[in-house]
Amino acid sequence: MQKQALITGITGQDGYYLARLLLSKGYEVFGMVHGQSHGRLESLRRDLPDLRVVRGDLLDLSSLLRALELSDAAEVYNLGALSFVGSSWATATVTASVTGMGVLNLLEAVRLRCGEDVKRIRFYQASSSEIFGRAREVPQSESTPFWPRSPYGVAKTFGHYMTVNYRESYGLHASSGILFNHESPRRGPEFVTRKVSQGVSRMALGLQDRIVLGNLDARRDWGFAGDYVEAMWLMLQQPDPDDYVIATGRQKSVRELLDVAFACVGVDDWTDLVVVDEENVRPAEVDSLIGDASKAEDRLAWRPKMSFEELIRLMVESDLAKLKA
Ligand code: G4F
């Protein structure tokens, strides 16, 4: 029998990769879209013609109940959030609402829809490595204490604990994936990997003369989004819900990202091509993150497939091709 899945945040990078994965597995996939129109929806419909669209808003409980009823989803993936950490200080209240309270609204809608049959719907929450913030141990695992450093990180921490609480209080099949940074050619241009891949490509074609960045010493554990959505799906196929760190276990700095990206277009020394502007430096930075995904490896048999170097090359090549076209 065909299974139905509902994905919030469908117009984002992960929404696309997850919908594509579920469609390839034979699911009927509903993507939830808020507002009257959404710029990215038309291209998403072109890329995934079998995707079905439902209207709904994470801030509107009755719209969530309607979306659950309309889709009759057996699996719900909550990817919806204001996901750019850098702007979350300027929009702290709306970030807390959508990225934090939105999780509670959706959990509540799932609980109401399930009624007595609490396992009728399986729920995935997109948790984030940002909850570790000023990390208290290296590498970070499911048992590492949280210390979020941005309004975004605080909101994600609330969403994470609410997911755990609904599992423990009501017995919902609710799992939380603590995903470390994951990128792709579909990454928004405000995130550092895409800002660099686009900048390097534009410079190679003579369209730009420098890249303006913030903290070049920040270190992240960067993986490929296409690999990470498989982990989301695997979590919901387990008999019992749980929390899992999803990461590569390898860490690179923004400087190393620049080394790899510039090397793709034959530039060895980028020092005169990159400018640091305080505008891009955050009020409270997360300096260093690296994940330990051994639980996911043991229990889900999940492993990342694409290396950092392959990922950055894919992104630069994709940006070059788009610019040339
Ligand atoms: O690419 P970023 O903006 O990603 P960040 O803040 O780590 O968050 C991303 O990953 C999280 C974990 O999965 C997600 F929860 C979150 O939604 C998002 O997807 O920045 C990475 C690092 C930061 O330390 C930042 O300060 O790069 C540093 N950086 C240096 N210059 C810059 C820049 N980041 C951006 N966006 N732009 C710069 O010019």
Side-chain angles (χ1 to χ4, degrees), residues 9 12-15 17 78-91 95 98-100 102-103 125-135 139-140 144 146 148-160 176-184 186-200 208 210-225 227-229 231-232 244-248 251-258 261 270 273-291 293 304 308 311-312 315:
Q13 165 191 265
D14 293 5
Y17 283 105
N78 184 33
L79 313 185
L82 295 183
S83 62
F84 182 41
V85 176
S87 63
S88 70
W89 282 270
T91 55
T95 298
V98 178
T99 309
V103 185
Q125 167 58 15
S127 231
S128 159
S129 56
E130 281 294 302
I131 64 183
F132 296 123
R134 182 174 279 177
Q140 295 84 53
T144 301
F146 302 156
R149 297 268 288 162
S150 62
Y152 169 86
V154 173
K156 278 285 178 186
T157 305
F158 175 83
H160 179 82
S176 195
I178 309 173
L179 268 54
F180 282 60
N181 298 52
H182 44 287
E183 320 292 313
S184 76
R186 289 189 169 251
R187 190 56 145 149
E190 65 274 35
F191 297 94
V192 75
T193 52
R194 187 74 197 290
K195 193 168 170 182
V196 168
S197 72
Q198 266 190 345
V200 163
Q208 186 174 323
R210 59 194 188 143
I211 306 178
V212 183
L213 295 174
N215 177 14
L216 303 188
D217 296 315
R219 301 179 72 81
R220 289 289 184 278
D221 179 331
W222 276 294
F224 172 51
D227 290 342
Y228 285 35
V229 297
M232 298 177 187
Y244 296 90
V245 159
I246 301 299
T248 70
Q251 192 189 49
K252 300 282 178 188
S253 66
V254 175
R255 286 180 199 282
E256 288 169 301
L257 160 66
L258 287 161
W270 48 261
L273 306 174
V274 174
V275 176
V276 172
D277 185 333
E278 286 301 311
E279 275 274 300
N280 292 312
V281 176
R282 298 172 180 180
E285 174 68 297
V286 171
D287 294 314
S288 174
L289 291 174
I290 179 167
F308 176 75
L311 169 64
I312 301 307
M315 293 176 71

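Indexing begins at 1, ligand by ligand and atom by atom, following the structure's order.
To the nearest 0.5 Å, atom NE2 of residue H182 and atom OG1 of residue T193 are 10.5 Å apart. The CZ atom of F84 sits 10.0 Å away from atom OG1 of T91, with the distance rounded to the nearest 0.5 Å. Interatomic distance, L289 CG to T144 OG1, rounded to the nearest 0.5 Å: 10.5 Å. The distance from atom CG of L213 to atom CG of L258, rounded to the nearest 0.5 Å, is 6.0 Å. Taking CH2 of W89 as the start and CZ of R149 as the end, the distance is 8.0 Å to the nearest 0.5 Å.
S129 OG, 3.2 Å is the protein heavy atom nearest to atom 12 (C) of ligand 1. Ranking protein heavy atoms by distance to atom 36 (N) of ligand 1, first place goes to E190 O, 2.8 Å. Among protein heavy atoms, the minimum distance from atom 8 (O) of ligand 1 is reached at V85 CG2, 3.6 Å. Of the protein's non-hydrogen atoms, S128 OG, 3.8 Å is the one closest to atom 11 (C) of ligand 1. Ranking the protein heavy atoms by distance from atom 39 (O) of ligand 1 puts K195 NZ, 2.8 Å first. G214 N, 2.8 Å is the protein heavy atom nearest to atom 31 (N) of ligand 1. Protein heavy atom in closest approach to atom 2 (P) of ligand 1: R282 NH2, 3.8 Å.
Look at R255 and D217 and you find a salt bridge, because one of the NZ, NE, NH1 or NH2 atoms lies within 4.0 Å of a carboxylate O, short of that distance. Under the 4.0 Å criterion applied to side-chain N and carboxylate O atoms, E130 and R220 are assigned as salt-bridge partners.
Of the heavy atoms in N181, both backbone and side-chain atoms come closer than 4.0 Å to ligand 1. Contact annotation for E279 and ligand 1: no heavy atom of the residue comes within less than 4.0 Å of the ligand. Under 4.0 Å from ligand 1, the heavy atoms of V254 that appear belong solely to its side chain. When non-hydrogen atoms are compared, ligand 1 lies under 4.0 Å from neither the backbone nor the side chain of D287. If you look at K156 next to ligand 1, there are no close heavy atoms at all, none under 4.0 Å. Counting heavy atoms under 4.0 Å from ligand 1, residue V192 touches it through both backbone and side chain.
Without hydrogens or angle criteria, K156 side chain to S83 main chain gives no donor-acceptor distance under 3.5 Å.
Remark: ligand 1 atoms within the under-4.0 Å shell around heavy atoms of F180 are 13 (O). Close contacts of ligand 1 with A218, meaning ligand atoms under 4.0 Å from a residue heavy atom, involve 24 (O). Residue contact check: Y152 has heavy atoms under 4.0 Å from atoms 14 (C), 15 (F), 16 (C), 17 (O) of ligand 1. Counting atoms of ligand 1 from 1 in the listed order, those under 4.0 Å from a heavy atom of R187 are 9 (C), 18 (C), 19 (O). Set against the non-hydrogen atoms of E285, the atoms of ligand 1 under 4.0 Å away are 23 (C), 24 (O), 25 (C), 26 (O). Ligand 1 places these atoms under 4.0 Å from at least one heavy atom of F84: 3 (O), 36 (N). Shown in contact with S83 at under 4.0 Å from a heavy atom are these atoms of ligand 1, numbered in order with element: 16 (C), 17 (O), 18 (C).
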What's the verdict on side chain to side chain contact (heavy atoms under 4.5 Å, CB included) for D14 and Y228, showing C-alpha distance, side-chain angles and the deciding distance?
-> CA-CA 8 Å; D14 293 5; Y228 285 35; over 6 Å; no

Under the side chain to side chain contact (heavy atoms under 4.5 Å, CB included) criterion, do I290 and R219 qualify, and how do the steps go?
-> CA-CA 8 Å; I290 179 167; R219 301 179 72 81; over 6 Å; no

W222/V192 under side chain to side chain contact (heavy atoms under 4.5 Å, CB included): CA gap, chis, key distance, verdict = CA-CA 11 Å; W222 276 294; V192 75; 3.7 Å; yes

Decide yes or no on side chain to side chain contact (heavy atoms under 4.5 Å, CB included) for N181 and S129, but give the supporting numbers first.
-> CA-CA 7 Å; N181 298 52; S129 56; 3.9 Å; yes

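Considering only non-hydrogen atoms, atom 22 (C) of ligand 1 lies nearest to R220 out of R219, R194, R220.
On a distance-only criterion, H182 and ligand 1 share no N/O pair closer than 3.5 Å. Residue L179 has at least one N or O atom closer than 3.5 Å to an N or O atom of ligand 1. Considering backbone and side-chain N/O atoms, W222 never comes within less than 3.5 Å of an N/O atom of ligand 1.
Here the shortest heavy-atom pairing between S127 and H160 reads OG-ND1, 2.8 Å. When all heavy atoms of N78 and V103 are compared, the closest pair comes out as ND2-CG2, 3.8 Å. Heavy atoms only, all atoms of each residue included: E285 and A218 are closest at OE2-CB, 3.8 Å.
No heavy atom of G86 sits closer than 4.0 Å to any atom of ligand 1.
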